Amino acid sequence: MDNPAYVIDCEREFEIGVGREENRQEKPRPHSFEEAITLTGVGWFHYKLLLICGLCFMGVMVEIMGVSLIMNQMKCDLQPTLDQQGILASAGFLGVVLSSHAMGFLADTWGRATTLKYALCLSSVCSIVSGFSVNIWMLIVFRFLTGFFISGGQACVFSLCGEFHGNGSRVRHVTLLSGFLCMAMIFAPAMAIGILPLRIETIVLGMRFSSWRVLILANVSVSLLALLGISTLPETPKYLLVQGRGDESLEILRSIYVQNSGRDPCEYPVKEVALESGGASLSDVHGFLDAVRLVWHQTVPLFHRSRVWHTLNICVTQFLIYFLAQGIFMWFPTILDELGTRNGDDTLLCGVLQGFTVDSGAASESTSCSVAVDTSTYQVMIIIGACFVMIYLLFAFIIDYMGKKNLLMTWMVFTMICLVALHYVEQFALVVVALTVVMAIGNCGGLVSTIAMEFYPTHINAMGMCFIMMVGRLGAVVGSNILGRLLFASCDPIFWAMLVLVVVLCILGYFLPEKSKAKPSATAKAIVSATTSPIFAINSK
């Protein structure tokens, strides 16, 4: 023991052991992204995020739906033919369908927030210009461009919202987000009731600045508010992580933690987040061929053999849902008008509709220039929008208990019952309720989008969402142009055919993918408990 060499060696061994222990403490295990985002909690940041993303959703619906509200008033100024009115009604939808794929590509390679900023800015400019259209073709072109650019606010926003949440809160918030589409069904008709009846005789740039032009400009306010909100949001930390920018991702996670908890940034327990598989970037593009190759590489994974059947299932389900919902919704005001002509008499729905000719009704409208505004249709649309909002709120609060697929199939069963009832119910109120439930199948599109958002990995998430929403909007275009006319021509067979389609949807819904909830680690549970319930944590000590 008195040997100095032995003492020195022991001291060195002790120092080395201490050093190893310190190194072990200085380099903790990197957290997974799911653990890191869960530890930020849910609070002020996420409520602000929900509002901003909801405004993006509202902006899409208001811009696309707004054109149908000005058809009668703009005829006096632009004098369109019946065919031109049909083109105008579909122009926005066509723009959304054609650009959805490109928007998904940009969101996955350029960033969700960046893509949304430019998309909303360009769509707002095009919408404002359309308000000053001097002829019908100028209005058609700029409404098409508005739909082309604003499609980014439809599918990219799912990825933007979902990637700021952990498994525990993602489904509920994305479901609530879908409810903002129904808020647009309240906002747009309410604006029309307030603005269209105004008699405006002002001359601007040599043209009569009628109330329908004011309504177009007023509807842009939703997109501008969304643009202002998006400018305050960072890029999603999950996207940055996939791009290999771990330090930036960690800073954003720390900022979210501060906004939610009001605590000091150094109290955030995550010091490092494990990187995920890399995604594509626009910096890899050095020419046209590179761009085409990158788009191809972003699209092909959607149809990889491990997910091709799920992708096809999601697309077919989304197409049929919007086909049925939009096909009924497009002609719902006309159906109400026809039912109203019976003066409250109890009559079967199909007996009323088969006595109505769509072409003759349209022809009689095209021969007159109507300035008077009938607000009763807009009032009915507001009531329906309010009902849809209540349905979405119900979905949001029971989805965690029932599960997405179970909730989807339950609503399909309600829809089947109402489709059968429409063949036998004669009371006006019951017919309207049954039709509203059938139209509400469109709310299931939000559930399918939630399932898809969780199914696709981060590096192709926005592309997948934009692709399936493109297919859904294509279904809306087909349904609005075909289903209504078939309904008036042969009502009974079409309602039975719709019943068969809903049965098919129910079967497809059973086979939709559903992500099992990941259980947080014991460390994550302890820290979340301590950060969300400080009083309980202190007492337990």
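Quick caveat, the model's predicted, so the values are computed rather than measured.
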Rounding to 0.5 Å, atoms CD1 (Ile441) and CZ (Phe323) come to a distance of 11.5 Å
Under the side chain to side chain donor-acceptor pair (under 3.5 Å) criterion, do Ser261 and Tyr268 qualify, and how do the steps go? CA-CA 10 Å; Ser261 66; Tyr268 183 53; over 6 Å; no
Applied to residues 110-119, the salt bridge (Lys or Arg N to Asp or Glu O under 4.0 Å) test, sequence neighbours excluded, yields Asp108-Arg112, Arg112-Glu163
Pair Phe144-Val141, side chain to side chain contact (heavy atoms under 4.5 Å, CB included): steps then yes or no: CA-CA 5 Å; Phe144 167 80; Val141 168; 5.7 Å; no
Could you tell me the separation between the CG atom of Leu447 and the CE atom of Met409, rounded to the nearest 0.5 Å? 11.5 Å
Met103 and Ala119 have their tightest heavy-atom pair at CE-CB, 4.1 Å
Under 4.5 Å between any side-chain heavy atoms of His46 and Thr40, yes or no? yes
Test item: Phe319 and Ile468 side chains (from C-beta on) under 4.5 Å apart, heavy atoms: no
A side-chain contact here means heavy atoms from C-beta on lying under 4.5 Å apart; do Cys121 and Phe149 qualify? no
Arg473 to Tyr322 six-membered ring, cation-pi geometry met (6.0 Å, 45°): yes
I'd like to check the ring pair (Phe, Tyr, Trp, His ring centres under 6.0 Å) partners of Phe45; sequence neighbours left out, ordered by chain and number. Phe164
When you measure from the side chain of Gln326 to the backbone N and O of Gly479, does any donor-acceptor pair fall under 3.5 Å? no
If you count every heavy atom of other residues, nucleotides or ligands that lies below 6.0 Å from Asp247 atom CG, does the total exceed 12? no
Yes or no on side chain to side chain contact (heavy atoms under 4.5 Å, CB included) for Arg172 and Leu176, after CA distance, side-chain angles and deciding distance? CA-CA 6 Å; Arg172 176 170 294 179; Leu176 286 171; 4.3 Å; yes
Not counting sequence neighbours, which residues clear side-chain contact (heavy atoms from CB on, under 4.5 Å) with Leu228? List them please. none
Does Tyr510 have any ring pair (Phe, Tyr, Trp, His ring centres under 6.0 Å) partners at least two apart in sequence or in another chain, and if so, which? none
What's the shortest heavy-atom distance between Leu39 and Tyr257, and which atoms? O-CD1, 3.6 Å
Does His173 have any ring pair (Phe, Tyr, Trp, His ring centres under 6.0 Å) partners at least two apart in sequence or in another chain, and if so, which? His165
Minimum heavy-atom separation for Pro189 to Ile382, with atom names? CB-CG1, 3.7 Å
One pair to check against side chain to side chain contact (heavy atoms under 4.5 Å, CB included): Val273 and Val270. What are the steps and the verdict? CA-CA 7 Å; Val273 186; Val270 179; 3.8 Å; yes
Counterpart residues, side-chain contact (heavy atoms from CB on, under 4.5 Å), relative to Val389 (two or more places apart): Cys182, Met183, Ile186, Leu393
side-chain contact (heavy atoms from CB on, under 4.5 Å) partners of Val413, counting only residues at least two apart: Ile417
Could you give the side-chain donor-acceptor pairs of residues 48-67 under 3.5 Å, partners two or more places apart or in another chain?
unit_1: Glu63; atom_1: OE1; unit_2: Ser127; atom_2: OG; d: 3.0
unit_1: Glu63; atom_1: OE1; unit_2: Arg143; atom_2: NH2; d: 2.8
unit_1: Glu63; atom_1: OE2; unit_2: Ser127; atom_2: OG; d: 3.2

Examine Phe511 together with Trp309 and report whether their ring centres are nearer than 6.0 Å. no
Can you tell if the side chain of Trp411 reaches within under 4.5 Å of the side chain of Ile391, non-hydrogen atoms only? yes
Nearest 0.5 Å, what's the CD1-CD1 distance between Ile140 and Ile87? 5.0 Å
Residue pair Cys161 / Leu177: nearest heavy atoms and the distance that separates them: CB-CD2, 3.9 Å
Does the side chain of Val258 reach to within under 4.5 Å of the side chain of Arg263, using non-hydrogen atoms? no
Rounded to the nearest 0.5 Å, what's the gap from CD1 on Ile321 to SG on Cys444? Could you check? 5.5 Å
So, do Glu235 and Thr114 sit near enough that their side-chain heavy atoms are less than 4.5 Å apart? yes
Using distance alone, with no hydrogens and no angle criterion, decide if Asn406 and Thr410 have a side-chain donor and acceptor under 3.5 Å apart. no
Please find the pair of heavy atoms, one from Phe187 and one from Asn219, that lie closest to each other, and give the distance. CE2-OD1, 4.1 Å
Would you give the length of the straight line joining atom OG of Ser99 to atom CG of Leu145, rounded to the nearest 0.5 angstrom? 10.0 Å
With a 3.5 Å cut-off and no angle check, do the side chains of Thr146 and Ser123 form a donor-acceptor pair? no
For Arg307, what residues pass the side chain to side chain donor-acceptor pair (under 3.5 Å) criterion, not counting sequence neighbours? none
For Ser249 and Tyr239, does a side-chain donor sit closer than 3.5 Å to a side-chain acceptor? no
Note, Phe467 side chain near Leu302 side chain (heavy atom, < 4.5 Å): yes
Salt bridge (charged side-chain N to carboxylate O under 4.0 Å, His left out) assessment of Glu251 paired with Arg245: CA-CA 10 Å; Glu251 283 300 316; Arg245 296 152 65 181; over 6 Å; no
The side-chain contact (heavy atoms from CB on, under 4.5 Å) partners of Ala102 (sequence neighbours excluded) come to none
Any salt bridge (Lys or Arg N to Asp or Glu O under 4.0 Å) pairs touching residues 179-192, not counting sequence neighbours? none
Begin from the C-alpha positions of Thr236 and Leu240 and carry the test side chain to side chain contact (heavy atoms under 4.5 Å, CB included) through to its verdict. CA-CA 7 Å; Thr236 68; Leu240 294 174; over 6 Å; no
Which pair of non-hydrogen atoms, one from Lys405 and one from Gly509, has the smallest distance, and what is that distance? CE-O, 3.6 Å
Gap between atom CE of Met191 and atom CD1 of Ile216 - 0.5 Å precision: 12.0 Å
Would you please name every residue forming a side chain to side chain donor-acceptor pair (under 3.5 Å) with Ser306, sequence neighbours left out? His304
Quick one: are Thr450 and Arg170 in side-chain contact, heavy atoms under 4.5 Å? no
Using a cut-off of 6.0 Å, state whether more than 12 heavy atoms not belonging to Met402 lie near its atom CE. yes
